[in-house]
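All of these numbers come straight from a predicted model, not from anything done at the bench. By convention in this document, chain letters (A, B, ...) are assigned in the order of the sequence lines, proteins followed by strands, and residues within each chain are numbered from 1.
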Amino acid sequence: MEPLFVVFLQSGITEKYIIKIMYRTNTCGELNLQNAGQTVTLCGWLQRSRDLGGMTFIDLRDRYGITQLVFNMETRPDLCEKARKLGREYVLQATGKVAERSNKNPKMPTGEIEILVEELNILNPAKTPPFTIEEHSDGGDDLRMKYRYLDLRRTPVMRNLELRHRIAMLTRNYLSDLHFLEIETPCLIKSTPEGARDFVVPSRMNPGQFYALPQSPQQYKQLLMVAGYDRYFQLARCFRDEDLRADRQPEFTQIDCEMSFVEQEDVLQTFEGLLKHILKEVKGLEFGAFPRITWNDAMKYYGSDKPDIRFGMKFIELNDVVKGKGFGVFDNAELVVGICAEGCAEYTRKQLDALTDFVKRPQIGASGLVYIRCNGDGSFKSSVDKFYTPEDLQRIAEHCNAKAGDLILVLCGEKMKVRKQLSELRLEMGSRLGLRKPDEFAPLWVIDFPLLEWDEETQRYYAMHHPFTAPHPEDAPLLDQPERWGDIRANAYDIVLNGNEIGGGSIRIHNRDMQNKMFHTLGFTDEKAQEQFGFLMGAFEYGAPPHAGLAFGFDRLCAILGEADSIRDFIAFPKNNAGRDMMADAPSPISNEQLDELAIRLVPQEEK
RNA sequence: GGUGCGGUAGUUCAGUUUGGUUAGAAUACAUGCCUGUCACGCAUGGGGUCGCGAGUUCGAGCCUCGUCCGCACCGCCA
């Protein structure tokens, strides 16, 4: 990085003026032996001081690094006395000569030099912080959230936010070069009941009426297509009033994109290109064409619509080889399915019990786990030896491609449920075997999602993606056959990285008849469709081009590339588990005056 | 809405299994000594509503119930 001085010069300010106005000539991360002899001024925070009696060392920290300041009792007793009184996190300005150290520290980039301080200004004293501002802080999660502005001083968090900035710039430049325009869409919009819960904002000027915050700029970006902005993107803030997770915040950022006059292949190529570009620039990794898998196959082989393909361990369906041998649990099951864990035949009883407990946890809900050990001597030991002869087990092992030394784990039950359960077990085994390395990246497209999803509770179909998603052309006729609605594929796709859904999109419906048919399928009356989506439907009558789009979860993408599990440290000011900002203590009650102005009356909790 | 784990010094934790004298450690902080440290070292010192409330008991940091808070997960997240 350029020294600060040079950056200022390049900005066109004259040198004479700079010296007068500049707090600092250099940052704390850029000085080395070549600067020896120069007089410099640095500013920063006191990271740590070491008082040796006759001399005092201070580590001065800023965003760019740490530089050591030296104070000597013999040469400047006044400054040395001053320096030894300073506390952690004091804000300092120090001027002095860059000098070669007699004892160099190879562990730090500036370790060959130090500053012989001639002038020291305390720009601001500081209270002792409640936790240490270091690479590995001694602070717990909630304390760090409460004092987030201190946590943000720590280098790991700074590096995360720098990474976020880099990915944002790479994205903007890449898409801009492809003629995409970044266009902002409103945050105060109309509430629509489909999908996630809306955050809602009362309107003072329209008493009793509310805006919603966007769950995504979906309808606006489609209107931009109607308006002829044929390539749009936005790093868009989105809001969803749902429960939080480590990788889910109530407000989050999407790389939101839409294109006109394209087919699915164009969209996939464009955004595969974007992700390849980011992976290359950030990680130095080059990829060929990303693998693609249909949703049906993803469910069949991984039990998940976002498979982690950093490792194999694909599902093997076993109905044909296990049924009819008198083991009622298998015989009565809709699906018997297993995975083969290579080299795990040595698993002890205790380890197998732990796995059984894992799948029986209420969150997963399997009723039991069957194992088959393929011993080194070619024999088998299983939890169902009573029902299966060695020859039966041999046949199952062959079906699973299991070798001597492998362990076959089998679950059974209702098809979709057991797939989901085995998916959890597969990921658990992957973790236990160290196959889910955070510095390995395995992107994947999942295509041909179902268009509709049956909801037991409300007894109706919902759009799996959203109501503007086009059906797969081959399946469109099935919209006229309600009994086949569950089989209709959509022209929808997700992009998956290391078992995380990092993006998704679809071809949109641009034809009025098709859209009407879709609303009908979803149980919307004409009036309701008109009320909810009227402005979009109206726009579509004035010449909507064929269009399609995709949105990346930007925070999640940053966290994965930052090799972290939680997105919180890639957001400057995140919310906690309960959606609270622990630093600002939001949300909070508002005054009666504010409520009156908004024409809102609160109902006491006990009346509910 | 549900499940699990946790809450003890400024901070991170031990102590809870088996209730029993003055609740410990490390680190941070303060004071003093120390001229080449870089996790400096040495000495001394201060620092506690054991989350909160109720109960059991002669006696509760420890057991029971309730409650609040944090984290992870299930449901939810078109």
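Checked by distance alone, A:Arg101 brings a side-chain donor or acceptor within 3.5 Å of a matching partner on the base of B:C38. Interface remark: the A:Arg248 side chain does form a donor-acceptor pair with the B:C76 base, using a distance-only criterion of under 3.5 Å. Residue A:Arg240 places no side-chain atom within donor-acceptor reach of the base of B:C77, judged by atom type and a 3.5 Å distance cut-off alone. Evaluation of atom-type donor-acceptor distances gives no pair under 3.5 Å for the side chain of A:Asn103 against the base of B:U37. Side-chain N/O atoms of A:Gln363 and base N/O atoms of B:C73 include a donor-acceptor pair closer than 3.5 Å. A donor-acceptor contact under 3.5 Å links the side chain of A:Glu114 to the base of B:G36. No hydrogens or angles were tested; on distance alone, a donor-acceptor pair under 3.5 Å links the side chain of A:Arg245 to the base of B:G75.
With hydrogens and angles ignored, the 3.5 Å screen pairs no side-chain donor or acceptor of A:Gln93 with any backbone N or O of A:Cys43. Between the A:Arg50 side chain and the A:Thr56 main chain, no donor and acceptor come within less than 3.5 Å of each other.
Note on ring orientation: taking the six-membered ring where Trp is involved, the planes of A:Tyr149 and A:Tyr147 are perpendicular (angle over 60°, cut-offs 30° and 60°). Using a 30° and 60° split on the angle between ring planes, A:Tyr220 and A:Phe535 fall in the tilted class, from 30° to 60°.
A:Lys104 has no side-chain polar atom (N or O) that falls below the 4.0 Å cut-off from OP1 or OP2 of B:G36. In this model, the phosphate group of B:G10 is not approached by any side-chain N or O of A:Lys146 to a distance below 4.0 Å at OP1 or OP2. Distances shorter than 4.0 Å separate some side-chain N or O of A:Arg50 from OP1 or OP2 on B:C40.
The side chain of A:Asp141 approaches B:C71 more closely than any other nucleotide in the set B:C71, B:C77, B:C76. Taking only side-chain atoms of A:Arg197, from C-beta outward, the nucleotide of B:G10, B:C76, B:C38 with the closest atom is B:C76. Out of B:C71, B:U35, B:U3, the shortest distance to the side chain of A:Asn72 is found at B:U35. Between B:A72, B:G36, B:A28, one nucleotide has an atom nearer to the side chain of A:Met55 than all others, and that is B:G36. Across B:A72, B:A39, B:C38, the shortest atom-to-atom separation from the side chain of A:Met108 is found for B:C38. In the set B:C76, B:C40, B:C73, the nucleotide with an atom closest to the side chain of A:Arg48 is B:C40. Taking the side chain of A:Asp142 as heavy atoms from C-beta on, and the options B:G70, B:A72, B:C29, the nearest nucleotide is B:G70. Residue A:Arg580 has its side chain nearest to B:G70 when only B:U35, B:G70, B:U11 are considered.
Screening A:Arg154, A:Arg61, A:Lys127 for a salt bridge (charged side-chain N to carboxylate O under 4.0 Å, His left out) with A:Glu89, the sole residue that qualifies is A:Arg61.
Spacing between B:C58 and B:U16 at atom P, rounded to whole Å, works out to 24 Å. Taking the C1' atom of each, B:A9 and B:C5 are spaced 24 Å apart, rounded to whole Å. A distance of about 33 Å separates the C1' atoms of B:U67 and B:U27, rounded to the whole Å. The C1' atoms of B:G10 and B:C76 are separated by 39 Å, rounded to the nearest whole Å. Going from the C1' atom of B:G36 to that of B:A43 covers 22 Å, rounded to whole Å. The gap from the C1' atom of B:C40 to that of B:C13 amounts to 25 Å, rounded to the nearest Å. With both ends at atom P, the span from B:A54 to B:G59 equals 15 Å, rounded to whole Å. With both ends at atom P, the span from B:C63 to B:U18 equals 10 Å, rounded to whole Å.
Residues A:Phe468 and A:Phe533 bring their aromatic ring centres within 6.0 Å.
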- Item | Pair A:Phe239-A:Phe252, ring-ring contact (aromatic ring centres under 6.0 Å, His included): steps then yes or no | CA-CA 7 Å; A:Phe239 306 85; A:Phe252 61 101; 8.1 Å; no
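Following rounding to the nearest Å, A:Lys420 (NZ) and B:C73 (P) show an atom-to-atom distance of 14 Å. A straight line from CG of A:Asn105 to C1' of B:C40 spans 12 Å, rounded to a whole angstrom. Between the CG atom of A:Leu143 and the P atom of B:G6 there is a distance of 21 Å, rounded to whole Å. Between A:Ile58 atom CD1 and B:U35 atom C1' the separation is 16 Å, expressed in whole Å. With rounding to whole Å, A:Glu428 atom CD is found 18 Å from B:A72 atom P. For the pair A:Gln421 CD and B:C74 C1', the computed distance is 13 Å after rounding to whole Å. In this structure, CG of A:Asp555 is placed 15 Å from C1' of B:C77, rounded to the nearest angstrom. We find that CG of A:Asp51 is positioned 12 Å from P of B:C40, with the value rounded to whole Å.
Contact annotation for A:Gly87: no contact, since no heavy-atom pair falls under 4.0 Å across all strands. Residue A:Phe57 is classed as a base contact, given a heavy-atom separation below 4.0 Å to a base. In this structure, A:Ile364 reaches neither bases nor backbone, as no heavy-atom distance under 4.0 Å exists between it and the strands shown. Using a 4.0 Å heavy-atom distance criterion, A:Asn576 is classed as a sugar-phosphate-only contact. When heavy atoms are screened at a 4.0 angstrom cut-off, A:Thr469 is found touching no nucleic acid atom at all. Among the atoms of the strands shown, base atoms are found under 4.0 Å from some heavy atom of A:Glu74. Within the 4.0 angstrom heavy-atom criterion, only backbone atoms of the sugar-phosphate kind lie near A:Arg568; the bases stay farther away.
Each of A:Arg88 and A:Leu52 has a nearest nucleotide on RNA chain B; the 5'-most of these lies closest to A:Arg88. If you find the closest nucleotide of RNA chain B to A:Asp243 and to A:Gly139, the one lying nearer the 5' end belongs to A:Gly139.
In the displayed structure, A:Asp565 atom CG is contacted under 6.0 Å by at most 12 heavy atoms of other residues, nucleotides or ligands. For A:Lys97, the NZ atom sits in a loose shell: 12 or fewer heavy atoms of surrounding residues, nucleotides or ligands are nearer than 6.0 Å.
Of the nucleotides present, B:C58 is the one that pairs with B:G20 by Watson-Crick or G-U wobble criteria, both distances under 3.5 Å. With a cut-off of 3.5 Å on both Watson-Crick or G-U wobble distances, the partner of B:G47 is given as none. For B:U3, the paired base is B:A72 (Watson-Crick or G-U wobble, both distances below 3.5 Å). For B:A26, the paired nucleotide is B:U11, the pair qualifying as Watson-Crick or G-U wobble because both relevant distances are below 3.5 Å.
Contact detail for A:Arg101 and A:Thr110: the closest heavy-atom pair is NH2-O, 3.9 Å.
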